[in-house]
Amino acid sequence: QVQLVESGGGLVQPGGSLRLSCAASGFTLDSWCIGWFRQAPGKEREGVSCITSRGSTFYSDSVKSRFTISTDSAKKTVYLQMSSLKPEDTAVYYCGGGLGVAWTTNEALNPAYFDSWGQGTQVTVSS
């Protein structure tokens, strides 16, 4: 059974940094993508970044050059290092896992291709 457990959210000032962690277990197949999505109040869930089992990475245009996704393959923990944070980055961040797809940007940042989710962690960027 796939399980995803997030940690690392919190309150940070504009321009600051945070690192989110997602501990993943139960992925027994290749061709997975584990990534980060976010949902602000009144808005739809949107893709932020994803990393595949082959090491390919994907980023939304809004976070490219500010966020970095990485993984510790041995522990299957996925990290999202967030820098130069802006108030518009404020949202609940969810870790999502998807399997068995030929991952391109279109699939990797689309919540419809993910069927396992963590509980979410709040990130608030405010002075």
Side-chain angles (χ1 to χ4, degrees):
Q1 185 175 356
V2 172
Q3 284 193 313
L4 301 169
V5 180
E6 304 109 332
S7 60
L11 172 65
V12 64
Q13 292 187 341
S17 299
L18 274 178
R19 189 176 80 159
L20 305 182
S21 299
C22 174
S25 61
F27 284 88
T28 58
L29 300 176
D30 288 335
S31 192
W32 48 258
C33 199
I34 299 174
W36 292 94
F37 298 76
R38 66 187 182 188
Q39 189 165 17
K43 295 189 176 181
E44 293 186 351
R45 190 170 297 190
E46 64 172 356
V48 175
S49 182
C50 203
I51 187 166
T52 73
S53 50
R54 297 185 178 183
S56 298
T57 57
F58 304 91
Y59 296 93
S60 67
D61 288 342
S62 62
V63 307
K64 203 172 294 185
S65 80
R66 299 189 298 122
F67 292 9
T68 302
I69 193 168
S70 62
T71 182
D72 177 344
S73 296
K75 298 180 179 179
K76 287 195 175 177
T77 299
V78 175
Y79 305 98
L80 186 69
Q81 179 66 46
M82 305 185 293
S83 303
S84 302
L85 283 161
K86 305 174 181 180
E88 51 264 42
D89 294 318
T90 296
V92 177
Y93 282 70
Y94 296 91
C95 181
L99 294 169
V101 176
W103 300 102
T104 67
T105 301
N106 180 61
E107 294 82 15
L109 300 181
N110 185 341
Y113 288 91
F114 293 75
D115 48 21
S116 300
W117 295 95
Q119 78 283 2
T121 186
Q122 177 70 46
V123 172
T124 302
V125 185
S126 175
S127 55

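Residues: numbered from 1 along the sequence shown. Source: prediction; values computed, not measured.
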Check for me, please, whether Phe67 and Phe58 land in the same ILVMFWY cluster - side-chain distances under 4.5 Å, paths through other members count.
no
Between Trp103 and Val78, is there shared hydrophobic-cluster membership here, with clusters defined by ILVMFWY side-chain heavy atoms closer than 4.5 Å?
no
Report the distance from atom CG of Leu4 to atom OG of Ser25, rounding to the nearest 0.5 Å.
7.5 Å
Are Asp61 and Lys64 within salt-bridge range, i.e. N to O under 4.0 Å?
yes
Rounded to the nearest 0.5 Å, the CZ atom of Arg45 sits from the OH atom of Tyr94 at a distance of 5.0 Å
CD of Gln39 to CD of Glu44: how many Å apart, nearest 0.5 Å?
8.5 Å
Taking Leu99 as the starting point, is it possible to reach Ile69 by hopping between hydrophobic residues whose side chains are less than 4.5 Å apart?
yes
When rounded to the nearest 0.5 angstrom, what is the spacing between CG in Asp89 and OG in Ser84?
9.5 Å
If you round to the nearest 0.5 Å, how far is CG of Leu109 from OG1 of Thr104?
9.0 Å
Ignoring hydrogens and angles, tell me if any N or O in the side chain of Glu46 forms a donor-acceptor pair with the backbone of Arg38 under 3.5 Å.
no
Would you say Ser60 and Ser62 are linked by a side-chain donor-acceptor pair, where the criterion is simply a distance under 3.5 Å?
yes
Please find the pair of heavy atoms, one from Pro14 and one from Ser127, that lie closest to each other, and give the distance.
CD-N, 3.7 Å
Is there a path of hydrophobic side-chain contacts, each under 4.5 Å between heavy atoms, that joins Tyr113 and Val48?
no
Using modelled atom types and a 3.5 Å cut-off, is there a donor and acceptor pairing between side-chain atoms of Ser31 and backbone atoms of Val101?
yes
Would you say Ser126 and Leu11 make side-chain contact, with heavy atoms under 4.5 Å?
yes
Can a donor-acceptor pair be found, under 3.5 Å and without considering hydrogens, that links the side chain of Gln119 to the backbone of Val5?
no
Assigning hydrophobic clusters by single linkage (Ile, Leu, Val, Met, Phe, Trp, Tyr; side-chain heavy-atom cutoff under 4.5 Å), is Leu20 placed with Val12?
yes
Heavy-atom distance under 4.5 Å between the side chains of Tyr79 and Thr68, does that happen here?
no
Distance-only, no hydrogens or angles: does the Thr90 side chain make a donor-acceptor pair with backbone N or O of Val125 under 3.5 Å?
yes
Gap between atom SG of Cys50 and atom CD1 of Ile34 - 0.5 Å precision
8.0 Å
Does Phe114 have its ring centroid less than 6.0 Å away from the ring centroid of Trp36?
no
